[in-house]
Structures are given as structure tokens and as C-alpha cells.
**Q** 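Supplied in C-alpha cells, the structure appears directly below.
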Amino acid sequence: MTKELVTVQPGVSAEQAKQLLHQHRIEKLLVVEAGKLIGLITIKDILQADRNPQAIKDGKGSIARGRGVGPGPDRGKRAPLRSRPREWT
């Protein structure tokens, strides 16, 4: 178990994050701003971004995920809403 938390500020580079994860032999890196946890970085996040550099990203830089629209009668109204990246808050 880790006794001291390993944290980074927002905007840390992927290379720095990867180095810290390896150096401390941890699976998750805590992203902290003004004393509050605002996110996590995992090695999977870094590898996914390396494998898909051209992927569509949301407003926070995360890879946008596909969202389905069912075959119901209102699909024409819902489909345009699904084509925009979701904004996570």
C-alpha cells in the first residue's frame, strides 16, 4: 500500500505522468488542483491516447465515446444530438 500520495497538477505531460507511474509503481496518478482531486490518470489512458492520436476528443481532452440511437420513431430528432461530443462537468 502506498503511504504517500503521488499527485500532479492539471496539464502534466503524458511523458511525465508515465514516468511517475513507473517510478512509484502505481496504477493511478491523482490530478489535484487547489487541494481538490479533479481527476485520475492511468497508464491505460496514456496508452490509449498514444494508440489513437487522431481520435475525437471532448472539451476536456478525453477520447469521445460512441453513443447509440435506437430505431424508435423519434430517432431523427435524437440522432443530431448524439453526433456532438458530450461535455463532461
Side-chain angles (χ1 to χ4, degrees):
M1 178 185 280
T2 304
K3 293 182 181 186
E4 290 188 35
L5 298 177
V6 180
T7 64
V8 294
Q9 295 286 321
V12 65
S13 73
E15 195 54 43
Q16 288 173 318
K18 192 185 302 186
Q19 182 181 6
L20 285 169
L21 288 166
H22 180 72
Q23 176 185 348
H24 294 280
R25 297 176 187 245
I26 54 177
E27 295 180 8
K28 294 171 183 70
L29 196 56
L30 307 174
V31 183
V32 177
E33 185 172 47
K36 292 190 176 194
L37 178 67
I38 62 168
L40 296 172
I41 299 173
T42 67
I43 193 64
K44 281 181 131 181
D45 295 332
I46 295 168
L47 295 175
Q48 185 77 351
D50 285 347
R51 272 184 291 214
N52 301 296
Q54 301 295 323
I56 295 173
K57 311 265 189 327
D58 65 14
K60 294 190 177 184
S62 298
I63 294 176
R65 307 281 186 229
R67 293 174 277 161
V69 176
D74 62 342
R75 70 182 175 275
K77 293 178 188 173
R78 292 183 290 131
L81 299 175
R82 297 290 187 176
S83 63
R84 289 178 283 162
R86 183 182 310 187
E87 289 298 320
W88 301 101
T89 56

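Here the structure is a predicted model, which means the values were calculated and not measured.
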**Q** Between CG of Leu20 and CG of Leu30, what distance do you get to the nearest 0.5 Å?
**A**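 One finds 11.0 Å between CG of Leu20 and CG of Leu30.
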**Q** Identify the heavy atoms of Leu21 and Thr42 that sit nearest to each other, and give their distance.
**A** CD1-C, 4.1 Å
**Q** Find the distance between NE2 (His22) and CD1 (Ile43) and round it off to the nearest 0.5 Å.
**A** 9.5 Å
**Q** Measure the spacing between CD of Glu15 and CG of Asp50 and express it to the nearest 0.5 Å.
**A** 8.5 Å
**Q** What are the two closest non-hydrogen atoms of Gln9 and Val31, and how far apart are they?
**A** C-CG1, 4.1 Å
**Q** Can you name the nearest heavy-atom pair linking Leu40 to Asp45, along with the distance?
**A**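 Taking every non-hydrogen atom into account, O-OD2, 3.7 Å.
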**Q** Considering non-hydrogen atoms only, spot the tightest contact between Ala17 and Ile46 and give its length.
**A** CB-CD1, 3.8 Å
**Q** Inspect the surroundings of CD in Glu27 and state if more than 12 heavy atoms from other residues, nucleotides or ligands are less than 6.0 Å away.
**A**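 At most 12 heavy atoms, drawn from other residues, nucleotides or ligands, come within 6.0 Å of this atom.
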**Q** Could you state the interatomic distance from CD (Gln23) to CD (Gln16), rounded to the nearest 0.5 Å?
**A** 11.5 Å
